[in-house]
Asker: 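Can you keep this structure in mind? I'll have questions shortly.
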Protein chains: 2
Amino acid sequence: MASQTVPQATAERLPLYYRTLQQLVANGKTRISSSKFGELVQIDSTTIRKDFSYFGALGRKGYGYDTQYLMDFLKKTLYQDELNRVILIGVGHLGTALLNHNFLKNNNTQIVRAYDVDPKKIGTKVSGTKVFAMDELAANDHHEIVAAILTVPAAQAQEAAEKALASGIRGFLNFSPTTLNLPENAYVRHVDMTVELQALIYFLNHSMETKNS
Amino acid sequence: MASQTVPQATAERLPLYYRTLQQLVANGKTRISSSKFGELVQIDSTTIRKDFSYFGALGRKGYGYDTQYLMDFLKKTLYQDELNRVILIGVGHLGTALLNHNFLKNNNTQIVRAYDVDPKKIGTKVSGTKVFAMDELAANDHHEIVAAILTVPAAQAQEAAEKALASGIRGFLNFSPTTLNLPENAYVRHVDMTVELQALIYFLNHSMETKNS
DNA sequence: ATTCATTTGTTCTTTATTTCACAATCCTTA
DNA sequence: TAAGGATTGTGAAATAAAGAACAAATGAAT
Ligand SMILES: NC(=O)c1ccc[n+]([C@@H]2O[C@H](COP(=O)([O-])OP(=O)(O)OC[C@H]3O[C@@H](n4cnc5c(N)ncnc54)[C@H](O)[C@@H]3O)[C@@H](O)[C@H]2O)c1
Ligand SMILES: NC(=O)c1ccc[n+]([C@@H]2O[C@H](COP(=O)([O-])OP(=O)(O)OC[C@H]3O[C@@H](n4cnc5c(N)ncnc54)[C@H](O)[C@@H]3O)[C@@H](O)[C@H]2O)c1
């Protein structure tokens with residue numbers, strides 16, 4: 001199957017391609033060449049053509065790509081043609097911001113439940129999403145939930161992830177600054193803002209050195 | 001200089017190494033081997049030794065690495081021995097969460113000012129940080145500011161980045177789901193949660209396929 | 001002091017990703 | 001319908017990153 005031959009680097013670019021195509025279609029563009037598309041996403045046009053080629057011939061020589069067709073193809077490929085249900089654990093500053101955000105609705109992903117340990121938060125609704133106690137997470141059978149968003153303090157992240165895993169969740173988007181230790185069948189993506197900020201500062205300082213020397 | 005030979009992939013791992021060493025030192029561990037360290041950060045021990053070797057001989061054969069020494073070394077290498085001042089543009093849900101967060105204090109990085117267009121927010125303080133009007137950003141000389149955190153709506157991100165750039169800021173941590181078009185001397189890191197979530201869903205579905213087939 | 005176990009630093013190999021270059025193909029227009 | 005221009009899809013080459021293997025060096029134990 002395609003899944004075995006699509007490089008990881010390619011797969012990680014697909015969401016960006018998808019979003020950019022959504023914008024093009026919304027703006028009424030019906031066709032685009034790999035070079036124009038490359039300028040938009042700031043990726044070399046060869047890389048884009050090769051990325052698409054892993055899925056077969058999606059374009060037409062001498063013409064380019066049909067935006068609507070390509071968008072629909074990526075929508076299916078990224079499983080965005082069905083609703084993806086996720087939960088959120090840790091309704092603090094960051095968790096509340098995520099609950100208030102609408103990117104989940106725009107992209108066929110929805111936070112269906114939130115969980116916390118704070119009695120003051122349990123039972124309330126944040127932006128329409130109910131907050132439950134952690135016990136209810138452990139008790140539930142979550143086979144229809146694709147992933148858990150972790151926005152708990154670092155010290156509690158491992159414990160929270162294990163509870164979600166025990167309830168049947170295998171996917172994690174971890175915002176805590178800590179490495180999770182989970183079995184092989186779990187899949188974690190780590191959004192680590194401390195790391196990003198430090199990497200930014202490192203590269204800024206080093207690009208200066210390169211220019212001065 | 002080292003800056004020209006350190007691979008990008010290595011540089012991006014340094015913040016994770018640094019944070020993990022901080023924890024080890026805090027827990028009283030004085031030494032660690034590359035293999036033990038590798039388990040902690042979930043990276044192959046060879047990769048870790050190779051990463052460190054770009055900076056010279058940081059360990060001792062038959063002994064391992066001195067945690068305090070290595071931590072101090074990375075602290076300097078990552079410019080965490082001096083205060084890094086940043087600004088934040090867009091005091092909305094996400095911006096407020098970031099302002100409330102303390103990761104900036106822990107890591108010698110500080111949001112010194114915030115900017116917004118909303119008259120209701122201008123002049124207020126969020127978690128001790130003053131909110132200014134965008135005009136004041138344009139007027140300022142920001143040579144002592146290393147970076148701007150962008151938490152404005154996607155449609156306003158380019159404009160906000162250009163204003164910051166005009167005031168002398170070259171580094172950007174962009175949380176908006178849009179690609180920024182900036183000159184070469186600017187450096188952008190993109191934290192894109194929509195992309196992360198879609199990539200997570202993609203890999204989850206594909207790891208299932210691999211197992212079933 | 002000598003032996004032995006440990007662990008680094010590094011060379012060499014393998015794998016992954018990007019980029020080059022161009023024939024094949026399709027659109028467009030006259 | 002034929003010619004010319006545009007643009008894809010893809011092998012082959014180049015670059016980057018990760019991993020295996022091991023000699024060299026050190027620490028610890030006796
Ligand atoms: N706020 C930010 O902007 C920001 C930025 C970067 C990283 N982070 C990380 O995101 C995480 C959350 O940050 P925050 O600022 O929202 O913190 P917060 O303290 O505001 O919120 C944490 C929430 O988790 C809940 N919680 C604590 N232990 C729990 C447990 N065992 N199970 C379930 N819920 C539990 C708390 O009741 C609280 O509601 C932290 O790991 C932080 O480092 C936050
Ligand atoms: N909230 C989240 O959890 C979340 C998650 C992922 C991505 N994002 C992205 O982060 C960005 C901010 O999200 P949010 O939920 O905080 O939105 P928000 O609407 O709550 O906040 C946006 C803020 O930016 C200000 N603003 C608008 N135009 C501006 C301009 N030209 N200059 C300066 N300030 C301006 C607004 O006044 C507002 O305070 C968006 O791009 C969003 O897609 C947010």
Side-chain angles (χ1 to χ4, degrees), chain A residues 2-17 21 24 29-71 73-74 77 199 202-203 206 210, chain B residues 2-17 20-21 24 29-71 73-74 77 199 202-203 206-207 210:
Chain A
S3 62
Q4 308 195 326
T5 49
V6 176
Q8 164 136 342
T10 295
E12 290 182 332
R13 282 188 290 265
L14 298 181
L16 175 60
Y17 295 160
L21 284 161
L24 287 170
K29 299 263 181 218
T30 58
R31 61 182 272 193
I32 193 151
S33 68
S34 62
S35 54
K36 279 274 159 55
F37 195 68
E39 284 171 28
L40 286 180
V41 297
Q42 292 173 14
I43 291 171
D44 191 276
S45 66
T46 310
T47 301
I48 288 167
R49 291 202 299 281
K50 175 125 322 152
D51 282 347
F52 289 157
S53 78
Y54 293 111
F55 300 96
L58 300 177
R60 288 174 8 235
K61 296 183 180 181
Y63 177 89
Y65 297 89
D66 182 287
T67 53
Q68 181 74 52
Y69 176 81
L70 197 54
M71 188 193 90
F73 179 83
L74 286 177
T77 303
Y202 178 87
F203 284 115
H206 278 259
T210 307
Chain B
S3 62
Q4 308 195 325
T5 48
V6 176
Q8 163 136 343
T10 294
E12 290 183 332
R13 282 188 289 266
L14 298 182
L16 174 60
Y17 295 161
T20 308
L21 284 161
L24 286 171
K29 299 263 182 219
T30 58
R31 60 182 273 193
I32 191 150
S33 68
S34 62
S35 55
K36 278 276 160 54
F37 195 67
E39 283 171 28
L40 285 180
V41 297
Q42 292 174 14
I43 291 172
D44 191 277
S45 67
T46 308
T47 301
I48 288 168
R49 291 201 298 281
K50 173 82 71 63
D51 283 346
F52 289 158
S53 78
Y54 292 112
F55 300 95
L58 300 177
R60 275 150 53 213
K61 297 183 180 184
Y63 177 89
Y65 298 88
D66 182 286
T67 53
Q68 181 74 51
Y69 175 81
L70 196 54
M71 188 192 89
F73 179 84
L74 287 176
T77 303
Y202 178 87
F203 284 116
H206 278 258
S207 71
T210 307

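The sequence lines fix the lettering, A, B, ..., with proteins before strands; numbering per chain opens at 1. Computed from a predicted structure; not experimentally measured.
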Asker: Let me know, please, whether B:Gly56 or A:Gln8 comes out on the 5' side of the other along DNA chain C by nearest nucleotide.
Answerer: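 Residue closer to the 5' terminus by nearest nucleotide: B:Gly56.
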Asker: Any side-chain N or O of B:Arg13 less than 4.0 Å from the OP1 or OP2 oxygen of D:dA18?
Answerer: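 Checking D:dA18 against B:Arg13, a side-chain N or O does come within under 4.0 Å of OP1 or OP2.
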Asker: Between B:Thr47 and D:dG19, is there a side-chain N or O to OP1/OP2 distance below 4.0 Å?
Answerer: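 For D:dG19, OP1 or OP2 has a side-chain N or O of B:Thr47 closer than 4.0 Å.
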Asker: Below 4.0 angstrom from OP1 or OP2 of D:dG9, is there any side-chain N or O of A:Tyr63?
Answerer: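 No, no such contact exists.
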Asker: Rounded to whole Å, please give me the gap between CD1 in A:Ile48 and C1' in D:dT7.
Answerer: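 Roughly 13 Å, once rounded to whole Å.
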Asker: Between C:dT10, C:dC20, D:dG9, which nucleotide gets closest to the side-chain atoms of A:Thr46?
Answerer: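 Per side-chain heavy atoms of A:Thr46, the pick is C:dC20.
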Asker: In the structure I gave you, are the side-chain heavy atoms of A:Asp51 and A:Val6 within less than 4.5 Å of one another anywhere?
Answerer: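 No, every pair of side-chain atoms sits at 4.5 Å or beyond.
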Asker: May I ask you to evaluate whether A:Ser34 reaches the phosphate of D:dT8, defined as a side-chain N or O under 4.0 Å from OP1 or OP2?
Answerer: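 Affirmative; the distance criterion is met.
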Asker: Which of these nucleotides, D:dA17, D:dT7, C:dT8, is closest to any side-chain atom of B:Pro7?
Answerer: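 Out of D:dA17, D:dT7, C:dT8, the nucleotide with an atom closest to B:Pro7's side chain is D:dA17.
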Asker: Rounded off to whole Å, could you give me the CZ-to-P distance for the B:Arg49 and D:dA24 pair?
Answerer: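 Result: 16 Å.
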Asker: Rounded to whole angstrom units, what separation is found between the CZ atom of B:Phe37 and the P atom of C:dG9?
Answerer: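 From B:Phe37 CZ to C:dG9 P: 14 Å.
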Asker: With distance as the sole test, does B:Thr67 use its side chain to make a donor-acceptor pair with the main-chain N or O of B:Thr30 at under 3.5 Å?
Answerer: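 Present.
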Asker: With respect to the side chain of A:Arg31, which nucleotide from D:dT10, C:dT28, D:dG9 is positioned closest?
Answerer: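 Of all the options, the side chain of A:Arg31 is nearest to C:dT28.
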Asker: Nearest whole Å is fine: how far is D:dT8 C1' from A:Phe55 CZ?
Answerer: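 Rounded to the whole Å, the gap is 17 Å.
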Asker: Quickly work out the A:Asp66 CG to C:dC27 P distance and round it to whole Å.
Answerer: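 Going from CG in A:Asp66 over to P in C:dC27 covers 12 Å.
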Asker: In whole Å, what is the span from the CG atom of A:Asp51 to the P atom of D:dT10?
Answerer: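 It is 13 Å, rounded to the nearest whole Å.
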Asker: By the definition side chain to side chain contact (heavy atoms under 4.5 Å, CB included), identify the one residue from B:Arg49, B:Lys36, B:Arg60 that meets it with B:Tyr65.
Answerer: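 So the option named by the test is B:Arg49.
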Asker: How is A:Leu58 classified with respect to the nucleic acid when contacts are heavy atoms under 4.0 Å: base, sugar-phosphate, or nothing?
Answerer: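 Sugar-phosphate, no base atom in range.
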Asker: What's the closest nucleotide to the B:Lys61 side chain, out of D:dC22, C:dA21, D:dA25?
Answerer: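 For the B:Lys61 side chain, the nearest candidate turns out to be D:dA25.
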Asker: May I ask you to verify whether the side chain of A:Lys50 and the base of D:dG11 hold a donor-acceptor pair under 3.5 Å?
Answerer: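 In this structure, the two groups form a donor-acceptor pair.
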Asker: For B:Tyr54 and C:dG9, give me the distance from atom OH to atom P, rounded to whole Å.
Answerer: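 These atoms are roughly 13 Å apart.
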Asker: Of all the nucleotides listed (D:dA20, C:dT18, C:dA21), which has the minimum atom distance to the side chain of A:Ala9?
Answerer: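 Per side-chain heavy atoms of A:Ala9, the pick is C:dT18.
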Asker: Validate the cation-pi geometry between B:Arg31 and B:Tyr63: distance from NZ or CZ to the six-membered ring centre under 6.0 Å, angle to the ring axis within 45°.
Answerer: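 That pair qualifies as a cation-pi contact.
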Asker: Side chain of B:Asp44 only, heavy atoms from C-beta on: which candidate in D:dA17, D:dA20, C:dT28 is closest?
Answerer: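 Comparing D:dA17, D:dA20, C:dT28 against the side chain of B:Asp44, the answer is D:dA20.
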Asker: Output the rounded distance in Å from CD1 (B:Ile43) to P (D:dA20).
Answerer: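 Rounding to the nearest Å, CD1 of B:Ile43 and P of D:dA20 are 15 Å apart.
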Asker: With a 4.5 Å cut-off on side-chain heavy atoms, are B:Ile32 and B:Asp66 touching?
Answerer: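 B:Asp66 vs B:Ile32: side chains apart.
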Asker: Is B:Arg60 close enough to D:dG27 that one of its side-chain N or O atoms is under 4.0 Å from OP1 or OP2 there?
Answerer: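 Indeed, a polar side-chain atom of B:Arg60 lies that close.
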Asker: Any side-chain heavy atom of A:Phe37 within less than 4.5 Å of one from A:Phe52?
Answerer: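 A:Phe37 reaches A:Phe52 side chain to side chain.
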Asker: Is there a side-chain contact between B:Tyr65 and the phosphate of C:dG9, meaning an N or O under 4.0 Å from OP1 or OP2?
Answerer: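 For C:dG9, OP1 or OP2 has a side-chain N or O of B:Tyr65 closer than 4.0 Å.
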